[in-house]
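Notes to accompany the following structure.
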Number of protein chains: 2
Amino acid sequence: MEYKLDEVDLTILRMMQENARINNSEIARELGMAPSAVLERVKKLEQKEVLLAYHAKVNPNAIDQKMLSFIFIKVDEIIGDEETGKLLAEIPEVLEVHDIAGDDGYMIKVRTSDSLALVSLMRNSLSRIQGVISTRTIIVLQTVKEDNKLIIPEKLN
Amino acid sequence: MEYKLDEVDLTILRMMQENARINNSEIARELGMAPSAVLERVKKLEQKEVLLAYHAKVNPNAIDQKMLSFIFIKVDEIIGDEETGKLLAEIPEVLEVHDIAGDDGYMIKVRTSDSLALVSLMRNSLSRIQGVISTRTIIVLQTVKEDNKLIIPEKLN
DNA sequence: CGTGAAAACGATCATGC
DNA sequence: GCATGATCGTTTTCACG
C-alpha cells in the first residue's frame, strides 16, 4: 500500500502524536490553514490507516498494575504459528505480541498487579494455549522510557 | 503516593484509553453528569499523573519505519546504571527502556527503517554509551498486537 | 464535588474556487 | 485540495449549593 504523505500530513502526525487531544483549529493555526482543511486531512489519514488510534496513557501504578514482564514463548510450529499469536493477543494482560526470529516463536509484553498474578496467568492462560512448549520470563524492575513515539521525518521519499 | 480512584474515575479512564479524542460531553452523557464535572475530573487525573499523556498511534509503515527490534544491553554496573538508562532513553529510535532483572542490564525497544539503520544505530549510538559491554538483538518479524491498553478494573481496593 | 448558565471557541458542512 | 462563512455543539469558567 502507498501512503503518499506530504509535509502538511507529517506535521499533523507529529502534533497529534505529541498530544492526541489537540484541536484541529490549533493545528490549523500552526500550519496557516483553515480548520476545515485540517479536518479533511485528519479524516483521510484515519481512513488510510496512517492514524491508527488515539490512546490515553494511563499510569499503571494508579490502577494497581505494578508488575511488567516480557515472556518469550516457544511454539510447536506444526500446530500453526498464526493461531497461537491470536490466542495470546486475546489475553487482556497481554499488551503486545510479537512474532520473533529464531526458534523462540513469540515475545509478549504483560502487565499484572504482582508476581502472583503473573504466575497465575502463566499457569491458567499461557500454558493452556495449544502449541506452547516453553516460556522464559524477563522481569522489569523499572521503566525508564515508554512513550512509543515514532520519529516523524521532515519529508518522505 | 495515593490515588484514590472511584468508579467514575475508572470509567473516564476506560473511555479515554479507548479513544483519547472523545468529548467530555460524551463521557458526561455516559455517566449522567454535567460536562463541567467531567472536565474537573479529567484535570485532576492529569494533575495526579493518573492520565500521563494522549498519544496518536501512527502506523510505522506509513512513515517508513518498517523494522522493530528489542535489544538486551549488558552494562558495567560500576559506572552507574541510572545514567546509562537515561542516555539510552535520549536516542529517538529507542521507544522504550526497561531496567531488567538478571545480569543483562537493560532491554530496549527500537524502531528503524531497516536493518542497515539498526546496525548504524548500534555502532554509532549504542556502543558509544559509557558502560555498555555487549548487546543481543531480537528481530521482530511481525507484530500481532501492540495497543498497550491496560485492564481498568471495575473497582479499586 | 457537583450543577447550571453564559460566553467563547471549535467542529462540521455546504459552497465555490 | 483549500477557504469561507453559517450553524451547532462543546469547552470553559464561574457563582452557587
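Chain letters run A, B, ... following the sequence lines, proteins first and then strands; every chain starts at 1.
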Query - Paired and unpaired positions of DNA chain C as dot-bracket, Watson-Crick or G-U wobble under 3.5 Å, | denoting a partner strand - result: .||||||||||||||||
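Side-chain contact between Thr137(A) and Leu118(A) is present, with heavy atoms from C-beta onward closer than 4.5 Å.
Straight-line distance from the CG atom of Asn24(A) to the C1' atom of dC2(D): 15 Å, rounded to whole Å. To the nearest angstrom, C1' of dT10(D) lies 13 Å from CZ of Arg21(B). Spacing between atom CD1 of Ile12(B) and atom C1' of dG2(C) amounts to 13 Å, rounded to whole angstrom units. In this entry the distance linking CD of Glu7(A) with C1' of dG1(D) reads 15 Å, nearest Å. To the nearest angstrom, C1' of dA11(C) lies 16 Å from CD1 of Ile22(B). Rounded to an integer number of Å, the gap from CD of Glu26(A) to P of dA11(C) is 10 Å. Atom pair Met33(A):CE and dA11(C):C1' shows a separation of 15 Å (rounding to whole Å applied).
Counting non-hydrogen atoms under 4.0 angstrom, Glu40(A) reaches a base of the nucleic acid. Contact annotation for Arg29(A): backbone-only contact, meaning every heavy-atom pair under 4.0 Å involves sugar-phosphate atoms and none involves a base. Residue Ala37(A) is in sugar-phosphate contact alone, with no base atom involved, counting any heavy-atom pair closer than 4.0 Å across all strands shown.
With dT12(D), dG2(C), dT12(C) as the candidates, the nucleotide lying closest to the side chain of Leu39(B) is dT12(D).
Each of Thr135(A), Leu95(A), Ile71(A) was scored for a side chain to side chain contact (heavy atoms under 4.5 Å, CB included) with Ile108(A), with one residue passing: Ile71(A).
The structure places CG of Leu68(A) at 8.5 Å from OG1 of Thr112(A), a figure rounded to the nearest 0.5 Å. Note that the CG atom of Asp9(B) and the CZ atom of Arg41(B) stand 4.5 Å from one another [nearest 0.5 Å]. In this structure, NE2 on His98(B) lies 11.5 Å from CD on Gln142(A), to the nearest 0.5 angstrom.
Put simply, Leu88(B) and Met67(B) are part of the same group of oily side chains (I, L, V, M, F, W, Y) that touch within less than 4.5 Å, one to the next.
Ser120(A) places no side-chain N or O within donor-acceptor distance of the main-chain N or O of Leu116(A), the cut-off being under 3.5 Å.
For dT12(C), the OP1/OP2 oxygens have no side-chain nitrogen or oxygen of Lys43(A) closer than 4.0 Å. Taking only side-chain nitrogens and oxygens, Asn23(B) never comes nearer than 4.0 Å to OP1 or OP2 of dG9(D).
At a cut-off of 3.5 angstrom, the base of dG4(C) holds at least one donor-acceptor pair with the side chain of Ser36(B). Side-chain atoms of Ser25(B) and base atoms of dT11(D) include no donor and acceptor less than 3.5 Å apart.
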